[in-house]
Amino acid sequence: MEIKNETRLTYEILTDVMISKKKFIITSWSISFFCVFIIEMTIWPSGAFPWWVNLLLGGIFLAFYRLLSKITTPKRLKKTYKKIIGEGESRHSFLFKDEEVECHVCNEVTPEAHAIYPYSSLTGWEFVKNYLVLYVSKYQQITIDLNGFDSEEDKNAVIALLKAKVKKD
């Protein structure tokens with residue numbers, strides 16, 4: 001079995017897909033609240049301020065922490081993806097085989113790249129909007145446009161293959 005997929009991505013699309021993932025939102029806000037919680041727990045027991053002042057200070061700390069910290073924001077994501085693929089369009093060709101997926105990438109930054117990922121090396125997958133996100137590792141993902149398949153049958157065959165061969169997080 002060999003099924004082809006042609007995907008065209010821009011840095012705006014990649015940013016939109018990443019922000020739409022539930023893991024991104026939960027992780028980003030969890031880190032912020034944890035840091036503010038630590039700050040609050042150091043101020044609260046001192047008894048220097050009434051409870052409502054401590055809550056107000058917590059909100060102010062949270063706002064400044066979100067603005068000034070290195071937590072990934074949509075603006076930073078766009079900047080990162082712009083560095084990775086450039087201003088233009090990134091073209092990805094995927095060839096789904098029985099035991100592996102081949103990936104060819106061409107964009108402004110990387111004129112030509114080729115990779116082969118066995119299904120056993122993929123750590124998970126999920127649907128985000130109209131895209132399929134395959135996880136190669138915790139920090140590396142492959143974004144595939146579901147409209148890039150030749151037919152609906154090809155798309156369903158690839159999804160069935162992924163369900164059988166790759167464990168979903």
Side-chain angles (χ1 to χ4, degrees), residues 1-35 65-169:
M1 172 185 82
E2 288 190 357
I3 298 174
K4 287 191 100 177
N5 177 293
E6 296 293 327
T7 299
R8 297 185 183 282
L9 299 170
T10 61
Y11 68 91
E12 289 100 353
I13 292 172
L14 287 170
T15 304
D16 188 40
V17 168
M18 180 61 113
I19 290 172
S20 298
K21 291 176 20 180
K22 292 177 186 170
K23 288 180 187 177
F24 171 80
I25 296 167
I26 291 169
T27 303
S28 178
W29 281 99
S30 297
I31 292 169
S32 298
F33 283 118
F34 180 74
C35 291
Y65 185 78
R66 291 291 296 177
L67 289 174
L68 302 176
S69 71
K70 296 292 183 186
I71 291 177
T72 305
T73 60
K75 187 176 179 181
R76 285 194 180 103
L77 272 177
K78 278 187 181 178
K79 200 174 184 181
T80 301
Y81 284 129
K82 201 183 244 186
K83 285 180 187 175
I84 293 171
I85 67 171
E87 290 278 340
E89 192 174 66
S90 179
R91 294 181 308 280
H92 301 257
S93 294
F94 299 100
L95 186 60
F96 293 91
K97 296 181 177 181
D98 289 328
E99 295 300 320
E100 63 192 17
V101 71
E102 287 185 29
C103 177
H104 298 276
V105 179
C106 182
N107 57 44
E108 290 176 10
V109 178
T110 310
E112 189 68 35
H114 175 75
I116 296 174
Y117 302 105
Y119 293 119
S120 59
S121 71
L122 299 175
T123 60
W125 59 277
E126 72 176 313
F127 293 108
V128 180
K129 295 193 174 188
N130 202 26
Y131 296 91
L132 173 66
V133 179
L134 293 177
Y135 295 99
V136 178
S137 68
K138 186 177 181 180
Y139 301 106
Q140 184 181 3
Q141 68 184 25
I142 302 168
T143 306
I144 301 168
D145 188 359
L146 291 174
N147 294 329
F149 291 100
D150 291 335
S151 66
E152 193 71 27
E153 293 81 28
D154 286 349
K155 179 171 76 171
N156 293 334
V158 167
I159 292 170
L161 180 69
L162 290 173
K163 284 181 181 178
K165 301 243 179 186
V166 180
K167 64 179 182 205
K168 187 175 177 185
D169 286 344

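Residues meeting the salt bridge (Lys or Arg N to Asp or Glu O under 4.0 Å) test with Glu99, sequence neighbours left out: Lys165.
Closest of all the heavy-atom pairs between Val105 and Ser90 is CG1-OG, 3.9 Å. Heavy atoms only, all atoms of each residue included: Tyr131 and Leu9 are closest at CE2-CD2, 3.9 Å. Here the shortest heavy-atom pairing between Phe149 and Lys4 reads CD2-O, 3.6 Å. Closest of all the heavy-atom pairs between Leu161 and Lys97 is CD2-O, 3.5 Å.
The line from CZ of Arg91 to NE2 of His104 is 13.5 Å long, rounded to the nearest 0.5 Å. In this structure, CG in Leu132 is found 6.5 Å from CD1 in Ile159, a value given to the nearest 0.5 Å. Leu122 CG to Glu100 CD: the interatomic distance, rounded to the nearest 0.5 Å, is 11.0 Å. For the atom pair OG1 (Thr10) and CD (Glu87), the distance works out to 10.5 Å, reported to the nearest 0.5 Å.
Within the 4.5 Å cutoff, the side chain of Phe127 has heavy atoms near those of the Leu146 side chain. In this structure the side chain of Asp145 never reaches within 4.5 angstrom of the side chain of Ile13, judged on heavy atoms. Put simply, the side chain of His114 reaches to within 4.5 Å of the side chain of Glu102, judged on heavy atoms. Counting heavy atoms from C-beta outward, Thr7 and Thr143 have side chains that stay 4.5 Å or more apart. Using a 4.5 Å cut-off on side-chain heavy atoms (C-beta onward), Phe96 and Tyr119 make contact.
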Passes side-chain contact (heavy atoms from CB on, under 4.5 Å), Val133 versus Val17? Steps please.
CA-CA 9 Å; Val133 179; Val17 168; 4.0 Å; yes
Begin from the C-alpha positions of Tyr117 and Leu134 and carry the test side-chain contact (heavy atoms from CB on, under 4.5 Å) through to its verdict.
CA-CA 10 Å; Tyr117 302 105; Leu134 293 177; over 6 Å; no
Checking side-chain contact (heavy atoms from CB on, under 4.5 Å) for the pair Leu95/Ile3: CA distance, chi angles, key distance, verdict?
CA-CA 6 Å; Leu95 186 60; Ile3 298 174; over 6 Å; no
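Using a 4.0 Å cut-off between charged side-chain N and carboxylate O, Lys78 and Glu12 make no salt bridge.
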